[in-house]
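This report refers to the structure that appears directly beneath it.
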Number of protein chains: 2
Amino acid sequence: MTESVETSITALDEHTAEQLARTFKALSDPTRVRIVAALAERELCVHDLAEALGMSQSAISHQLMTLREMRLVRFTKEGRHVFYALDNDHIDSLFRQSLEHIQHGE
Amino acid sequence: MTESVETSITALDEHTAEQLARTFKALSDPTRVRIVAALAERELCVHDLAEALGMSQSAISHQLMTLREMRLVRFTKEGRHVFYALDNDHIDSLFRQSLEHIQHGE
DNA sequence: TTAATATATGAATGATTGCTCATATATTAA
DNA sequence: TTAATATATGAGCAATCATTCATATATTAA
């Protein structure tokens, strides 16, 4: 394969590749997957999320921050609680589609 | 939210979450995204992949190894070449679906 | 007011990752 | 045979990441 390639290979441009990778990275961690799964059911506050996942408040809070930066979740303050919800249909359907694939065999 | 939560929150079990996260991790890196994009077009040997992406043979070879471990690509040896192809429809459709989402707005 | 609860956040840390560089092996060409 | 090409792979390294721990702020309850 030294001669210039016949039908030229058009690689996906770097910017698009990075955008895509960033999207998938959002769900590349089990904790974030579980947070998204929980929020796909319903809105939840940090404390209940931490309890549901059996993880520290701090760990959940940090992950919620990264999900916020990715604009995958939105939040509303209510008293001393902060309720989080999914803020991105794309991620929701990506999550649901993949869950189905995993659950009903490859 | 101290009282045990009304409608109990059933967190996604850890095993499924890890499986899902692993799947997304496969496409969480721009280089792997570009490799998958190229292979979604057609089978390619390592050298041509490296050329198409403008990256070192070693870098591509290492990434192909991780894609192999994830069973996302298969390969066939032909003389001194090794041709890689996608080996997982799920990843292919995950890739295509997400690409569409990114290209035709959120 | 003081105490308890809910959340956020910075620093520290160990683990993972993506790459380079050097090198080994295999195949083909001269 | 020797040289060139294609690929794989181990070591090393800098960067990123997920978590913990300590602590700060805000809100509600006593």
Side-chain angles (χ1 to χ4, degrees), chain A residues 1-5 9 14 17-18 20-36 38-39 43-70 72-85, chain B residues 1-5 9 14 17-18 20-36 38-39 43-70 72-85:
Chain A
M1 298 286 142
T2 301
E3 336 77 49
S4 69
V5 194
I9 306 160
E14 279 182 67
E18 261 159 38
L20 264 174
R22 227 178 300 125
T23 301
F24 287 112
K25 198 162 202 170
L27 291 174
S28 73
D29 172 81
T31 301
R32 283 194 299 275
V33 165
R34 296 173 82 212
I35 290 176
V36 168
L39 298 183
E43 208 172 64
L44 285 168
C45 72
V46 182
H47 180 265
D48 285 353
L49 266 172
E51 204 176 62
L53 305 203
M55 294 185 61
S56 77
Q57 176 269 317
S58 182
I60 298 300
S61 206
H62 276 296
Q63 290 293 14
L64 283 170
M65 181 56 73
T66 91
L67 290 172
R68 263 160 71 165
E69 281 161 2
M70 293 167 167
L72 301 189
V73 299
R74 61 181 153 72
F75 62 100
T76 51
K77 298 191 68 172
E78 263 175 54
R80 54 181 158 180
H81 298 284
V82 178
F83 286 93
Y84 282 83
Chain B
M1 298 282 142
T2 300
E3 338 75 46
S4 69
V5 194
I9 304 160
E14 280 183 67
E18 261 159 37
L20 264 173
R22 227 179 298 125
T23 301
F24 287 113
K25 199 163 202 168
L27 290 175
S28 72
D29 171 79
T31 301
R32 284 195 297 275
V33 165
R34 296 173 83 212
I35 290 177
V36 168
L39 298 184
E43 208 171 63
L44 284 168
C45 71
V46 182
H47 181 264
D48 285 353
L49 266 172
E51 206 175 61
L53 305 202
M55 294 185 61
S56 78
Q57 176 268 318
S58 182
I60 298 300
S61 207
H62 276 295
Q63 290 292 16
L64 283 170
M65 181 57 73
T66 90
L67 289 172
R68 263 161 70 166
E69 281 161 2
M70 293 167 168
L72 301 190
V73 298
R74 59 181 154 71
F75 62 99
T76 52
K77 298 191 70 172
E78 263 173 55
R80 53 180 157 181
H81 298 282
V82 178
F83 286 92
Y84 282 83

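When reading the values below, keep in mind they use all heavy atoms of this one structure, side chains included, and skip hydrogens, waters and symmetry mates. To find a chain, count down the sequence lines: A is the first, B the second, and so on, and within it residues start at 1.
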request  = Please name all residues satisfying side-chain hydrogen bond (donor to acceptor under 3.5 Å, both in side chains) with B:Arg34, sequence neighbours left out, ordered by chain then number.
outcome  = none
Measure from [atom1] on [X] to [atom2] on [N] and round the result to the nearest Å.
{"X": "A:Arg32", "N": "D:dT19", "atom1": "CZ", "atom2": "C1'", "result": "12 Å"}
{"X": "A:Phe75", "N": "C:dA6", "atom1": "CZ", "atom2": "C1'", "result": "14 Å"}
{"X": "A:Glu51", "N": "C:dT7", "atom1": "CD", "atom2": "P", "result": "11 Å"}
{"X": "B:Leu64", "N": "D:dA8", "atom1": "CG", "atom2": "C1'", "result": "11 Å"}
{"X": "A:Leu49", "N": "D:dT19", "atom1": "CG", "atom2": "P", "result": "13 Å"}
{"X": "B:Met65", "N": "D:dT9", "atom1": "CE", "atom2": "P", "result": "4 Å"}
{"X": "A:Leu67", "N": "D:dC17", "atom1": "CG", "atom2": "C1'", "result": "14 Å"}
{"X": "A:Gln63", "N": "D:dT16", "atom1": "CD", "atom2": "P", "result": "17 Å"}

ask   = OP1, OP2 of C:dT7 versus side-chain N and O of A:His81: anything below 4.0 Å?
value = yes
task = Return no unless some side-chain N or O of B:His62 is found under 4.0 Å from OP1 or OP2 of C:dG18.
result = no
Distance check, rounded to the nearest 0.5 Å: [X] atom [atom1] versus [Y] atom [atom2]?
{"X": "B:Met55", "Y": "B:His62", "atom1": "CE", "atom2": "NE2", "value": "11.0 Å"}
{"X": "B:Asp29", "Y": "B:Leu67", "atom1": "CG", "atom2": "CG", "value": "9.0 Å"}
{"X": "B:Leu64", "Y": "B:Cys45", "atom1": "CG", "atom2": "SG", "value": "10.5 Å"}
{"X": "B:Leu53", "Y": "B:Thr31", "atom1": "CG", "atom2": "OG1", "value": "7.0 Å"}

List, with names and distances, any nitrogen or oxygen atoms from the protein found under 3.5 Å away from nitrogen or oxygen atoms belonging to nucleotides 26-30 of chain C.
none

key: A:Ala21 backbone acceptor or donor facing B:Arg32 side chain under 3.5 Å   = no
message = Taking any heavy-atom pair under 4.0 Å as a contact, classify A:Tyr84: base, sugar-phosphate, or nothing.
response = sugar-phosphate
[X]: which residues meet the side-chain contact (heavy atoms from CB on, under 4.5 Å) condition with it, sequence neighbours left out?
{"X": "A:Arg68", "value": "A:Met65, A:Val73, A:Phe75, A:Tyr84"}
{"X": "A:Ala26", "value": "A:Met70, A:Leu72"}
{"X": "A:Ala38", "value": "A:Leu44, A:Leu49"}
{"X": "A:Ser61", "value": "A:Gln57"}

ask   = Considering all heavy atoms of both residues, which atom of B:Ala59 and which atom of B:Ser56 are nearest to each other, and what is their separation?
value = N-OG, 2.9 Å
message = If you compare all heavy atoms of B:Ser28 against all heavy atoms of A:Ser28, which two are closest, and at what distance to 0.1 Å?
response = CB-CB, 4.1 Å
task = Just compare C:dA8, D:dA8, D:dT20 and give me whichever is closest to any side-chain atom of B:Val46.
result = D:dA8
key: Side-chain touch A:Leu27/B:Leu20, heavy atoms, less than 4.5 angstrom   = no
key: Heavy-atom side-chain contact between A:Glu43 and A:Arg74 under 4.5 Å   = yes
message = Counting only heavy atoms and a strict 4.0 angstrom limit, can you tell me which residues of residues 53-61 of chain B come near DNA chain D?
response = B:Gln57, B:Ser58, B:Ser61
task = Go ahead and write out DNA chain C as dot-bracket, 5' to 3': ( ) for pairs within the strand, [ ] for ones crossing earlier pairs, | when the partner sits on another strand, dots for unpaired; Watson-Crick or G-U wobble, both distances under 3.5 Å.
result = ||||||||||||||||||||||||||||||
key: Close residues, residues 24-31 of chain B, relative to DNA chain C [heavy-atom separation under 4.0 Å]   = B:Lys25, B:Asp29, B:Thr31
